[in-house]
There are 2 protein chains.
Amino acid sequence: MQFSKSTDYALHALVHLGHSERCNNVGIKELSSALGVSESYLSKIMSKLRQDGIVRAVPGVNGGYELARPADQISFLDVIQVIEGRQQLFECSNSSSRQHRLLAEEGAAGRDQKRPGKNECLVEKVMNGAEQHLHQYLQEHTIQSVLDEAFKRCSHEVNKK
Amino acid sequence: MQFSKSTDYALHALVHLGHSERCNNVGIKELSSALGVSESYLSKIMSKLRQDGIVRAVPGVNGGYELARPADQISFLDVIQVIEGRQQLFECSNSSSRQHRLLAEEGAAGRDQKRPGKNECLVEKVMNGAEQHLHQYLQEHTIQSVLDEAFKRCSHEVNKK
DNA sequence: TTATTATGGATACTATAGGTCCATATTAAT
DNA sequence: ATTAATATGGACCTATAGTATCCATAATAA
């Protein structure tokens with residue numbers, strides 16, 4: 001299991017856009033040369049990001065891309081979910097198997113607090129818990145937080161001299 | 001990005017083995033019928049688990065599988081790493097791109113505390129942090145913890161009656 | 001009007017997941 | 001020792017997703 005290269009490209013592209021904020025739009029040429037990816041492939045990815053409202057795009061001369069909202073409102077989770085999709089990280093394949101049903105039977109504890117019909121297998125339960133933790137972390141980290149960190153490094157560098 | 005079905009099968013199989021602990025070995029027939037997976041495919045998975053020392057296997061009449069160590073010493077992380085591999089969840093694809101090098105330059109702060117040559121891109125850094133969180137969670141949850149939870153549910157059920 | 005740029009469709013290649021089948025080796029029971 | 005049961009590993013197949021390219025089209029600014 002791995003994140004796709006597209007996610008890598010998307011994240012790096014957004015950091016680049018965030019960095020060039022006050023300038024005009026950034027064209028696919030500049031982006032692709034900065035990231036070292038082909039224009040054709042990267043444009044597919046940018047298109048996805050646009051469809052999901054992460055970036056804006058204008059065609060024509062001097063066109064290009066820009067962030068659709070402030071960089072501190074674009075979380076890693078947002079980006080990942082656009083590129084990788086919003087499916088669960090883990091799903092039990094055969095919910096009708098003996099083993100699954102055994103682990104999914106709602107005990108008394110569950111029946112009191114949770115809505116009926118949930119019927120979550122105990123293996124799923126652990127995995128979904130893991131996913132929630134992951135999501136929380138990824139939501140707390142934004143494009144802006146990368147920019148901040150980069151700036152911090154840079155200014156330390158200057159102080160040394 | 002999703003966990004593979006094999007991971008699902010492996011986890012459910014191990015829970016089954018943990019549950020049948022005091023009995024003898026559990027054959028692939030019983031396992032596959034309990035999980036609703038073909039014997040041929042499941043045996044591949046069990047073979048992997050054996051190679052990594054998660055289960056023991058004995059061939060021959062009345063042979064089968066059993067846990068190689070106590071269920072509380074088999075974490076979800078152990079199982080997942082056997083099945084999914086131990087590669088990083090995220091890797092920057094072109095470490096030579098302008099964008100990557102910009103985010104990888106080690107500032108003064110980094111140079112003091114960390115070993116040189118690490119040169120971790122700031123995007124990678126966030127993603128690796130996410131992975132570590134995920135791993136920690138998955139390491140804290142074991143096959144035994146699923147068995148415990150199942151037992152809890154069951155005993156509550158009994159009390160009700 | 002023209003040059004530039006993004007968009008979307010079609011296509012192709014590759015790797016991996018998911019799955020089957022069979023020959024072989026190992027073991028317990030007879 | 002023989003036999004039946006069981007796990008193992010190799011070969012093979014298929015479907016799908018990821019990666020990538022190319023081209024025709026639409027939209028925009030100069």
Side-chain angles (χ1 to χ4, degrees), chain A residues 1-10 12-13 17 24-33 35-68 80 82-87 89-94, chain B residues 1-10 12-13 17 24-33 35-68 80 82-87 89-94:
Chain A
M1 195 193 42
Q2 263 205 157
F3 286 101
S4 66
K5 292 190 178 185
S6 297
T7 293
D8 172 14
Y9 300 152
H12 279 87
L17 291 187
N24 273 333
N25 292 327
V26 178
I28 195 72
K29 282 209 175 100
E30 177 179 337
L31 269 181
S32 81
S33 95
L35 304 198
V37 195
S38 79
E39 298 178 26
S40 25
Y41 191 48
L42 186 56
S43 61
K44 299 284 180 201
I45 296 168
M46 298 310 294
S47 213
K48 259 193 188 172
L49 292 174
R50 185 190 60 85
Q51 284 167 19
D52 252 74
I54 308 278
V55 302
R56 270 191 298 268
V58 310
V61 181
N62 291 334
Y65 301 93
E66 61 180 355
L67 299 185
I80 288 168
V82 170
I83 304 296
E84 307 275 341
R86 284 174 175 79
Q87 0 123 26
L89 219 55
F90 181 88
E91 280 176 302
C92 286
S93 14
N94 17 359
Chain B
M1 193 193 44
Q2 263 207 157
F3 285 102
S4 66
K5 293 191 178 187
S6 297
T7 293
D8 171 15
Y9 300 151
H12 279 88
L17 291 187
N24 273 333
N25 293 328
V26 178
I28 196 71
K29 282 211 176 98
E30 179 178 336
L31 268 181
S32 81
S33 95
L35 304 197
V37 196
S38 79
E39 298 178 26
S40 25
Y41 192 47
L42 187 56
S43 60
K44 300 283 179 199
I45 296 168
M46 298 310 294
S47 213
K48 260 193 189 173
L49 291 173
R50 186 190 60 85
Q51 284 167 19
D52 251 75
I54 308 280
V55 302
R56 269 191 299 268
V58 309
V61 181
N62 292 335
Y65 301 94
E66 61 180 356
L67 299 185
I80 287 169
V82 170
I83 304 297
E84 307 275 342
R86 284 173 175 78
Q87 1 124 27
L89 219 54
F90 181 88
E91 279 176 304
C92 285
S93 12
N94 17 357

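A note on names: the letters A, B, ... follow the listed sequences, proteins ahead of strands, and every chain is numbered from 1.
If you check residues 52-61 of chain B against DNA chain C, the residues with a heavy atom closer than 4.0 Å are B:P59, B:G60, B:V61, listed by number. The stretch residues 44-51 of chain A comes close to DNA chain C through A:K44, A:S47, A:R50, A:Q51, each having a heavy atom under 4.0 Å from the strand.
Computed from coordinates, the B:Y65 OH to D:dT6 C1' distance equals 9 Å when rounded to whole Å. What separates CG of A:L42 from P of D:dG18 is a distance of 17 Å, to the nearest Å. The CD1-P distance, from A:I83 to D:dA20, rounds to 13 Å in whole Å. Between the NZ atom of A:K29 and the P atom of C:dA3 there is a distance of 14 Å, rounded to whole Å. If you take CD1 of B:I28 and P of D:dT6, they are 11 Å apart, rounded to a whole angstrom. For the pair A:Y41 OH and C:dT11 C1', the interatomic distance rounds to 15 Å; values are reported in whole Å. Distance, B:L31 CG to D:dT8 P: 12 Å, rounded to whole Å. For A:F90 and C:dA17, the CZ to P distance is 16 Å, given to the nearest whole Å.
Proximity of a side-chain donor or acceptor of B:D52 to a complementary backbone N or O of B:V82 within less than 3.5 Å is not detected. Formation of a donor-acceptor pair under 3.5 Å by the A:E84 side chain with backbone atoms of B:M1 is found in this model. Formation of a donor-acceptor pair under 3.5 Å by the A:T7 side chain with backbone atoms of A:F3 is not found in this model. Using modelled atom types, no side-chain atom of B:D8 and backbone atom of A:F90 make a donor-acceptor pair closer than 3.5 Å. Here the side chain of A:N25 pairs no donor or acceptor atom with the backbone of A:G63 at under 3.5 angstrom. At distances below 3.5 Å, not a single donor-acceptor pair connects side-chain atoms of B:E66 with backbone N or O atoms of B:A57.
Contact annotation: B:S38 side-chain N/O to C:dT20 OP1/OP2 distance is under 4.0 Å. Between A:S4 and the phosphate of D:dT19, there is a side-chain N or O to OP1/OP2 separation shorter than 4.0 Å. The phosphate of C:dT27 has neither OP1 nor OP2 within less than 4.0 Å of any side-chain N or O from B:N62.
Counting non-hydrogen atoms under 4.0 angstrom, A:Y9 reaches the backbone sugars and phosphates but no base.
Between A:S40 and A:S43, the shortest heavy-atom distance links the atoms O-OG, 2.7 Å. When all heavy atoms are compared, the tightest approach of B:G36 to A:N94 is O-ND2, 3.1 Å. Here the closest heavy-atom approach between residue A:L42 and residue A:Y9 is recorded as CD1-CB, 4.2 Å.
Where B:V26 and A:V37 meet DNA chain D, the nucleotide closest to each residue was compared, and B:V26 sits on the side nearer the 5' end.
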